[in-house]
Amino acid sequence: METVLSIKGLTKNFGRLCAVNKLNLEVKRGQVFGMLGPNGSGKTTTLGMLMGVTNPTSGEFSWFGETPTHHLRKKIGAVLEHPIFYPYLSGQKNLELNALVKQCDARNIPNVLDLVELTDRRNDKYKTYSLGMKQRLAIASALLNDPTVLILDEPTNGLDPMGIAEIRELIKKIAANGKTIILASHLLDEVQKVCTHFAVLKRGNLIHTGPVNEVGQGEERVEVNAEVENLNEVLRGFSGTATVQRENGFYEVTLRENFHGKDLNRFLFDQGITASHLVTRKKSLEKHFLEILADGK
Amino acid sequence: MLHLLKIDLKKLTSYRTFWVVCGLYFVTLAFTTASGMEFLKWLANKSSEFGASVNINRIPLYHFPDVWQNLTFISGFFKLVLAIMVVISVTNEYTYRTVRQNIIDGLSRWEFLQSKILTNVLLSFMSVAMVFIIGFVTGLIYSPSTSIQYAIQDLEFFPAYLLEVFAFLSYALMIGFLVQRSGLTIIILMLSHMIEAIIKVNLKGWAIELKPIFPMESISNLVPMPFARYAFQEIQDYVSLNSVAIALVWVFLFNYLSYLKLKRSDI
Ligand SMILES: Nc1ncnc2c1ncn2[C@@H]1O[C@H](COP(=O)(O)OP(=O)(O)OP(=O)(O)O)[C@@H](O)[C@H]1O
Ligand SMILES: [Mg+2]
């Protein structure tokens with residue numbers, strides 16, 4: 001698969017603070033790449049270097065196999081951290097200005113405004129927009145030149161639940177067109193829903209990278225409930241049980257390798273117990289993320 | 001190039017403050033330069049109250065070719081207003097952080113600076129055009145002889161005035177990039193002449209020789225003060241190539257420092 005972004009040994013120091021430490025990363029065409037990490041782990045700094053606003057201390061990166069230039073940036077739509085626009089210009093005028101900067105066709109403006117549902121408010125000054133509307137305008141501006149790569153740094157920050165769901169659908173739609181997306185986010189649920197790959201940063205160090213769908217693999221977890229007094233003991237008596245935890249009013253059983261939900265079900269049935277609730281859960285990215293962070297000391 | 005100018009003008013032309021400050025600049029510039037005779041009349045009136053009579057027609061303020069140096073010299077004082085606009089235009093980019101988004105969107109840092117420099121060029125040319133038109137019209141009105149031969153004399157003050165305005169705007173741009181806060185930058189801009197004067201007064205020995213190469217000094221030396229000639233004193237009624245050379249070096253340095261600052265910093 002074609003490499004869109006290749007980062008080698010990228011480092012950024014702010015005085016004595018090392019914000020990004022010898023980062024190596026590859027993003028291939030068509031990936032939806034999630035960048036995860038706690039606050040201050042270096043996500044925005046990394047993206048800032050990729051977009052030419054933060055000067056790297058050392059290391060290099062290439063877009064599409066070429067050394068980065070400002071011409072290449074025009075093919076990338078990016079929103080870093082906060083939406084940034086001229087407050088005294090209307091949404092429409094701001095986008096016209098963006099089109100001038102990106103040297104792309106201004107005829108695309110109505111489309112992107114429509115996409116983010118700002119058409120009604122396009123002639124109002126940017127400073128009168130709500131936070132969510134500002135976010136939407138930022139996304140519209142990132143999509144303006146029909147970019148091959150989209151970089152979104154917490155794009156759903158401040159959006160209502162409907163907005164979040166819309167952005168999720170939008171990202172999926174854009175990804176389905178074979179575009180590459182790099183997404184920094186704290187909403188792990190969202191990342192799990194839309195991303196194909198992810199990387200975890202911690203204090204500037206890359207501590208994990210891999211496909212999202214591998215997250216669910218490994219041991220299985222099963223949520224169980226039944227109207228039995230000593231369910232906890234019964235579950236512990238099952239030979240496939242690794243641990244049992246009480247969570248949200250259910251018992252959450254983590255199974256040993258090669259044991260599955262149906263084995264537990266059969267076991268309970270053999271014990272004469274009928275489960276009132278039995279769900280096999282994939283491990284959530286959130287759990288996985290917290291484990292990675294705990295391990296990556 | 002034109003494309004970069006278009007970008008900066010797009011930012012400014014929807015900005016109310018831009019129209020207010022530029023309007024103020026061009027109106028006061030036009031008003032002051034065109035009202036010299038009215039001023040002289042007022043002066044003559046005042047002095048006749050004290051018994052002295054001044055024949056204002058003996059003062060050829062607007063006669064070709066005197067008018068060129070007179071007007072370009074007076075106009076030089078107003079460049080500060082234009083410079084304040086330039087400062088606001090740069091520091092806004094930092095307060096709104098739009099310089100960051102411009103670069104993310106695909107301008108190079110040099111292109112961003114170019115767009116600002118080009119606006120400075122445009123504003124300088126507009127000032128020149130304005131002063132030329134006023135000088136030409138008033139010259140036609142007040143000159144006893146409107147023969148072309150007098151009218152085209154001393155036009156070298158226009159390139160000098162152009163350089164004067166552009167150099168000062170370059171200076172304002174640089175301070176804007178270095179300081180990034182509008183209030184502080186404007187204060188520095190207004191105090192520049194004074195600070196330089198204080199330094200010059202305190203120069204000793206060989207350092208006194210350095211006076212003409214000070215930035216503010218060299219910029220104001222481009223169009224020398226003409227009015228002493230009406231008190232029968234010798235004046236420098238030409239543009240000295242030395243001043244032009246020094247000012248050109250400053251123009252280069254100002255813009256180069258802006259470039260270095262923009263290039264080196266994280267935005
Ligand atoms: N301009 C700067 N000057 C000094 N330190 C900075 C600067 N920008 C970022 N940092 C530091 O670099 C580190 C990484 O910051 P960064 O913004 O990249 O984190 P992040 O992963 O994006 O965090 P968040 O999830 O909160 O957005 C932080 O410790 C931050 O304090
Ligand atoms: Mg961040």
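All chains are named by letter (A, B, ...) in the order of the sequence lines, taking the proteins before the strands, and each is independently numbered beginning at 1. What's counted below: heavy atoms across the whole structure, side chains too, no hydrogens, waters or symmetry copies.
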Fill in: Student check: side-chain heavy atoms of B:R109 and A:H70 closer than 4.5 Å
no
Worksheet item: In Å and rounded to the nearest 0.5 Å, what is the CG to CG distance from B:D8 to A:L97?
Response: 9.0 Å
Worksheet item: Is it the side chain or the backbone of B:R264 that comes within 4.5 Å of chain A heavy atoms, both, or neither?
Response: backbone
Worksheet item: Is the CG atom of A:L17 crowded by more than 12 outside heavy atoms at less than 6.0 Å?
Response: yes
Worksheet item: Would a 4.5 Å heavy-atom cut-off, applied to side chains only, mark A:Y88 and B:K11 as touching?
Response: yes
Fill in: Side chains of A:V101 and B:I7 in contact at under 4.5 Å (non-hydrogen atoms)
yes
Worksheet, complete the sentence: Turns out that what part of B:S115 lies under 4.5 Å from chain A's heavy atoms comes down to neither
Discussion item. If the test is side chain to side chain contact (heavy atoms under 4.5 Å, CB included), which one of B:I103, B:D105, B:I104 qualifies with A:M51?
Written reply: B:I104
Practice prompt. Output, in order, the C-alpha distance, side-chain angles, deciding distance and verdict of side chain to side chain contact (heavy atoms under 4.5 Å, CB included) for B:K10 and A:L100.
Written response: CA-CA 9 Å; B:K10 178 113 190 157; A:L100 268 181; 4.0 Å; yes
Discussion item. Does atom NZ (A:K93) have a neighbourhood of more than 12 heavy atoms from anything else shown, all under 6.0 Å?
Written reply: no
Discussion item. Looking at A:K172, I'd like to know if its NZ atom is crowded, meaning that more than 12 non-hydrogen atoms belonging to other residues, nucleotides or ligands lie closer than 6.0 Å.
Written reply: yes
Worksheet item: Got more than 12 heavy atoms from elsewhere within 6.0 Å of OH, B:Y96?
Response: yes
Worksheet entry | Contact origin within A:L89 toward chain B - heavy atom pairs under 4.5 Å | side chain
Discussion item. If I compare all heavy atoms of A:R73 with all of B:L107, which pair ends up nearest, and what's the gap?
Written reply: NH2-O, 2.9 Å
Worksheet item: Considering only heavy atoms, which portion of A:K75 lies under 4.5 Å from any heavy atom of chain B: side chain, backbone, both, or neither?
Response: neither
Worksheet item: Is a side-chain donor-acceptor pair under 3.5 Å present for A:Y86 with B:Q101?
Response: no
Practice prompt. Under 4.5 Å, counting heavy-atom pairs only, tell me which of A:G48, A:P147, A:A78, A:P87 racks up the most with chain B.
Written response: A:P87
Fill in: Region of A:F14 that comes under 4.5 Å of a non-hydrogen atom in chain B
side chain
